[in-house]
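A quick write-up on the structure given underneath.
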Amino acid sequence: MCRWLVQGAGLWRVWALLPLLSLLLVSSAHADEPGTLPTLIRQPIQLQSRFDLVALPQHESLGLLGGALLFDIDAQWAAGPALIGAASGRRGGFFALGAQVEHRWQLDPDWRFNAGLYVGGGGGGAAPVGSGLLVQPSLQLWRRWGAWQTGVSRSQLWFPDGAIRSQPWGLMLSWDGEFKHVATEAVGRVLSIEAPASEFGFGFDQTQLILSQYTTRVRPLIPSTHIQLVGMRFERPIEAGYPDVSFSLEAAAATHGGADGYMELLAALSVHPSASAWGLPPLHGGLRGALGLGGGGGLATGGGILAKAALQVSWDLAPNAQVGLETGVVQAPGLAAQTFQARTTQLYVGWRFDDLGGRSAALVRGIEWEPSWQHTVRALRRQGPVLPLDTVGLKIHRWLDEHLYLTGQWHSAFAGQAGAYGLGLLGLGWAERWLTPQLSGSMALLAGAAGGGGVLTEGGAVSQLMTQLGWRMGVDDRLQLGAGYLRGRSAQFASPVFELSWSHSFGVGERQP
């Protein structure tokens, strides 16, 4: 553990400042007097998953597990972000990020027919994806069972400049829910809550920054047994009456240890009761079990399934802040001698945001979703010349006050012959929302992990400075142009970056001490 901290001192100093600065800003933010709660907007959403068995060249099969978060535009149209990852076969580490749009025809109260289109970028697991552009139109038949739906699909999965073109049948599952928020105009006000049990956003009440080390027992292609990762976790109690049992989603990517390009996405359950019976109510201890997808960076994860188990202990620093430590094991299930397995050590810092906790007032904070296209001018390759590359990405901003925001984002290559390249970033930004009635400006300093696609990122740790100018397109929307600089651990991986993005904002209630 000490060796890990010494090796990554430069990067971890940057990361250590982020949670501390954010905590100070959140706790000291100014708020107006309570007012009347504006109309709670209940945006219908669907959480969809689909499993496709894709045919690859040389009679190889690849099982792809996809997830999409779709927002209803009207009764017939829905759209939203979608992510696909390898779940069977031998291409563990294959991921693609993109957007999905659907048109729906209601046949009767229980049956529905959909036409959908997914467009994104990605790759990994040495799959022949070329530059990474993925196009997948589909036809779907759904049967409703209350809030749940099951379905089958027939699609055309195609990498236009790769060697994969397949027409898989898919099995689908969907859950109907609501994304609850208020108008952007309410941001910064403390509002009386008419229904104290109301939840805003997606109901995740805690966001955690996680710093991990894997000590691998099997390392067929990487130069070190110690791999460091950075990521984010979103956690919520499974029910209001059981605060000690939580569900979480997390994503992490390698920054040190020669496994650049490694990425994992996990869903977990944890039991973490308080030690109040021993007179230590701020202390919690328990277990966490996780299952998900991961691979890349030379780690042999087989089909891509990962399982993790860990012991955890955490301490409540303040009503809204927590620090914790975990230790356990992670493994890619399989019988092969070279299957990835490792011991894990993880440090995390968490903030409670959206959980209202039965309180009668909530501070409304701004949230922004920002799909983007980025052009990296120079990307050094392990073999071959320096080439540009293009990524499609999704940014999520959480405003801490009128000017400062916390941002998390992921970008995946779709052009530039770097199909498996991915970039994950976390950071802080400063914005002047309206320089003029139509024009806004911002600047963000970010750090994170990048790799894959043959791009030489020297372990994975990167930093980025990005500036943006935005043009107001409505009350909640902005079209933005950006320019910045992306750099790895040395000048070998360093390049100007240009960006085009669209930002949509709304307000959510924040837990108050």
Inset, instruction - For Thr376 and Val497, work out which heavy atoms get closest and say how close. - result: OG1-CG2, 4.1 Å

Inset, instruction - Go through the steps to decide whether Trp373 and Thr391 satisfy the test side chain to side chain donor-acceptor pair (under 3.5 Å), and finish with yes or no. - result: CA-CA 6 Å; Trp373 160 77; Thr391 62; over 6 Å; no

Inset, instruction - May I ask you to test the Ser49-Trp175 pair for a side-chain heavy-atom distance under 4.5 Å? - result: no

Legend entry - Min side-chain heavy-atom separation Ser174-Trp142 under 4.5 Å: yes

Inset, instruction - Would you please indicate if the ring centroids of Tyr405 and His397 are separated by under 6.0 Å? - result: yes

Legend entry - Ser153 side chain near Asp52 side chain, heavy-atom distance below 4.5 Å: yes

Legend entry - Donor-acceptor pair between Asp244 and His272 side chains, under 3.5 angstrom: no

Legend entry - The single option from Leu306, Leu83, Leu249 passing side chain to side chain contact (heavy atoms under 4.5 Å, CB included) against Leu265: Leu83

Legend entry - Arg233 versus Gln346, side-chain donor and acceptor atoms under 3.5 Å: yes

Legend entry - Heavy-atom pair of closest approach, residues Val129 and Asp161: O-OD1, 3.7 Å

Legend entry - Nearest atoms (heavy-atom pairs only) where Leu70 meets Ala78: CB-CB, 4.2 Å

Legend entry - Residues Ser131, Gln417; criterion side chain to side chain donor-acceptor pair (under 3.5 Å); working and verdict: CA-CA 4 Å; Ser131 293; Gln417 294 300 311; 3.1 Å; yes

Legend entry - Nearest atoms (heavy-atom pairs only) where Phe247 meets Ala267: CE1-CB, 4.1 Å

Inset, instruction - Could you check if a side-chain atom of Trp430 sits within less than 4.5 angstrom of a side-chain atom of Leu445, using non-hydrogen atoms only? - result: no

Legend entry - Heavy-atom side-chain contact between Met172 and Gln48 under 4.5 Å: yes

Inset, instruction - Ignoring hydrogens and angles, tell me if any N or O in the side chain of Arg104 forms a donor-acceptor pair with the backbone of Arg112 under 3.5 Å. - result: no

Inset, instruction - Indicate whether any N or O donor in one side chain lies under 3.5 Å from an N or O acceptor in the other, for Glu499 and Gln468. - result: yes

Inset, instruction - Indicate yes or no: does Asp176 engage Arg144 in a salt bridge with an N to O separation below 4.0 Å. - result: yes

Inset, instruction - Could you walk me through whether Leu141 and Leu107 pass side chain to side chain contact (heavy atoms under 4.5 Å, CB included), step by step? - result: CA-CA 10 Å; Leu141 182 63; Leu107 304 179; 4.2 Å; yes

Legend entry - Contact check, side chains of Gln149 and Arg143, non-hydrogen atoms, under 4.5 Å: no

Inset, instruction - Answer whether the closest heavy-atom distance between the side chains of Ile396 and Glu370 falls below 4.5 Å. - result: no

Inset, instruction - Before giving the answer on side chain to side chain donor-acceptor pair (under 3.5 Å), spell out for Gln409 and Thr407 the whole-Å C-alpha distance, their side-chain angles and the decisive distance to 0.1 Å. - result: CA-CA 7 Å; Gln409 47 193 265; Thr407 178; 3.2 Å; yes

Inset, instruction - Return the minimal non-hydrogen interatomic distance between Pro57 and Ala163, and the atom names on each side. - result: CG-O, 3.3 Å

Legend entry - CA sep, side-chain torsions, deciding dist, call: Trp410, Leu97, side chain to side chain contact (heavy atoms under 4.5 Å, CB included): CA-CA 8 Å; Trp410 178 256; Leu97 172 69; 3.3 Å; yes

Inset, instruction - For side chain to side chain contact (heavy atoms under 4.5 Å, CB included), just list the numbers for His411 and Lys395, CA-CA rounded to whole Å, side-chain angles, deciding distance to a tenth of an Å, and then say yes or no. - result: CA-CA 9 Å; His411 307 266; Lys395 305 179 181 184; 4.1 Å; yes

Legend entry - side chain to side chain contact (heavy atoms under 4.5 Å, CB included) between Val330 and Phe340, worked out: CA-CA 8 Å; Val330 59; Phe340 169 66; 4.1 Å; yes

Inset, instruction - Taking only Lys NZ, Arg NE, NH1 and NH2, and the carboxylate oxygens of Asp or Glu, determine whether Glu368 and Arg398 approach each other closer than 4.0 Å. - result: no

Inset, instruction - Could you tell me whether His103 and Trp77 have their ring centroids closer than 6.0 angstrom? - result: yes

Inset, instruction - For residues Trp502 and Asp477, determine if any side-chain heavy atom of one lies less than 4.5 Å from a side-chain heavy atom of the other. - result: yes

Inset, instruction - Would you mind checking if Arg288 and Glu250 are paired as a salt bridge, meaning a charged N to carboxylate O distance below 4.0 Å? - result: no

